[in-house]
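Comments concern the structure below.
Heavy-atom basis, side chains included; hydrogens, waters and symmetry copies ignored.
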Amino acid sequence: MLPIVAVTDLTETQWETEVLQSDKTVLVDFWAPWCGPCKLVAPLMTWAEKEYPDIKVVKVEHDANKGIVEQYKVYGLPTLMVFKDGKEVEGSKTEGAVTKAKLADYIKKYAAAKVSA
């Protein structure tokens, strides 16, 4: 039986532990309940969580987490970002809805790549 996978919806109080201190690479989806394109991306985050077990996938609700939104300058929604070793992966911030194929390419480029020593 496959494990049940659910994308965690984080708050600012969980950010440090769940993202910055994570031992896994973290894909973050910034979203809002009023954002139409965010609703299209949501099922893809669940797919990514299942498809890439080495990557942690989390969601951050834009309106309820203004501190994180301001810190990382998240202006458009949805916004995807990847974090490794407590830092944003350079160039990983992207705004707008994506297809499954584009998300897979994005993950391969920013999240699944091995970190060189």
Side-chain angles (χ1 to χ4, degrees):
M1 190 161 135
L2 290 172
I4 295 172
V5 177
V7 176
T8 304
D9 207 343
L10 295 184
T11 64
E12 289 183 357
T13 57
Q14 300 164 300
W15 179 259
E16 180 81 23
T17 304
E18 295 295 322
V19 177
L20 302 182
Q21 295 176 3
S22 177
D23 56 354
K24 285 183 162 187
T25 297
V26 184
L27 170 60
V28 181
D29 171 24
F30 289 91
W31 70 283
W34 47 262
C35 168
C38 297
K39 293 174 185 171
L40 298 173
V41 171
L44 295 178
M45 295 301 107
T46 302
W47 169 81
E49 180 87 356
K50 291 176 187 171
E51 189 72 15
Y52 301 94
D54 294 339
I55 298 169
K56 180 191 285 189
V57 180
V58 300
K59 295 172 25 171
V60 175
E61 203 270 305
H62 182 274
D63 297 341
N65 297 286
K66 293 292 187 191
I68 298 169
V69 166
E70 289 173 15
Q71 181 178 357
Y72 294 99
K73 298 175 176 54
V74 177
Y75 301 124
L77 293 177
T79 291
L80 302 178
M81 296 173 74
V82 174
F83 289 80
K84 286 184 186 177
D85 301 320
K87 295 182 179 136
E88 177 186 346
V89 173
E90 188 175 343
S92 72
K93 184 173 169 184
T94 186
E95 294 179 4
V98 294
T99 62
K100 186 186 280 188
K102 286 193 184 260
L103 179 60
D105 289 344
Y106 173 86
I107 289 170
K108 286 175 188 148
K109 182 174 183 177
Y110 295 107
K114 300 292 181 205
V115 178
S116 57

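- Applying the side chain to side chain contact (heavy atoms under 4.5 Å, CB included) criterion to Lys39, with sequence neighbours excluded, gives no partner residue.
- Atom-to-atom distance recorded for Tyr52:OH and Ile107:CD1 is 5.0 Å, nearest 0.5 angstrom.
- Residues Phe83 and Ile55 fall into different hydrophobic clusters, defined by Ile, Leu, Val, Met, Phe, Trp and Tyr side chains chained together at heavy-atom separations under 4.5 Å.
- Checked against salt bridge (Lys or Arg N to Asp or Glu O under 4.0 Å), Glu88 has no partners two or more places apart in sequence or in another chain.
- Under the ring-ring contact (aromatic ring centres under 6.0 Å, His included) criterion, Tyr75 pairs with no residue, sequence neighbours left out.
- Not a single side chain to side chain contact (heavy atoms under 4.5 Å, CB included) links Ala42 to another residue, sequence neighbours left out.
- Sorted by first and then second residue, the pairs that involve residues 16-28 and meet salt bridge (Lys or Arg N to Asp or Glu O under 4.0 Å), not counting sequence neighbours, are Glu18-Lys56.
- Heavy-atom neighbours of Gln21 CD from other residues, nucleotides or ligands within 6.0 Å: above the threshold of 12.
- Remark: Leu27 CG to Tyr106 OH distance equals 6.0 Å, nearest 0.5 Å.
- Applying the disulfide bond (SG atoms under 2.5 Å apart) definition to pairs two or more places apart or across chains, those involving residues 17-74 are Cys35-Cys38.
- Through ILVMFWY side-chain contacts below 4.5 Å, Trp31 is grouped with nothing and stands alone.
- Remark: Phe30 engages no residue in a ring-ring contact (aromatic ring centres under 6.0 Å, His included) (not counting sequence neighbours).
- Evaluation of the side chain to side chain donor-acceptor pair (under 3.5 Å) test over residues 59-72, restricted to residues two or more places apart or in two chains, returns Trp34-Asp63.
- Atom OG1 in Thr17 sits 9.5 Å away from atom CG in Leu10 (nearest 0.5 Å).
- Looking at every heavy atom in both residues, Ala32 comes nearest to Leu77 through CB-CD1, 3.6 Å.
- Between the side chain of Glu49 and the main chain of Val57, a donor-acceptor pair closer than 3.5 Å is present.
- The hydrophobic clustering, which links ILVMFWY residues whose side-chain heavy atoms are closer than 4.5 Å, places Tyr110 and Trp47 together.
- In this structure Leu44 satisfies the side chain to side chain contact (heavy atoms under 4.5 Å, CB included) test together with Val98, Lys100, Leu103, sequence neighbours excluded.
- Taking OG1 from Thr79 and CG from Asp29, the interatomic distance works out to 8.5 Å, rounded to the nearest 0.5 Å.
- Each disulfide bond (SG atoms under 2.5 Å apart) pair with one or both residues in residues 46-101, not counting sequence neighbours, would appear here, but there are none.
- Hydrophobic clustering, defined by side-chain heavy atoms of Ile, Leu, Val, Met, Phe, Trp and Tyr closer than 4.5 Å, leaves Leu40 isolated from every other such residue.
- Here Gln14 contributes atom CD and Ile68 contributes atom CD1; the two are 9.0 Å apart, rounded to the nearest 0.5 Å.
- Hydrophobic clustering, with ILVMFWY side chains joined whenever heavy atoms are under 4.5 angstrom apart, keeps Val7 apart from Val60.
- Under a hydrophobic-cluster definition in which Ile, Leu, Val, Met, Phe, Trp and Tyr are linked whenever side-chain heavy atoms come within less than 4.5 Å, directly or via other members, Val74 and Met45 are assigned to different clusters.
- In the hydrophobic cluster analysis, where Ile, Leu, Val, Met, Phe, Trp and Tyr join through side-chain heavy atoms closer than 4.5 angstrom, Val26 is grouped apart from Leu80.
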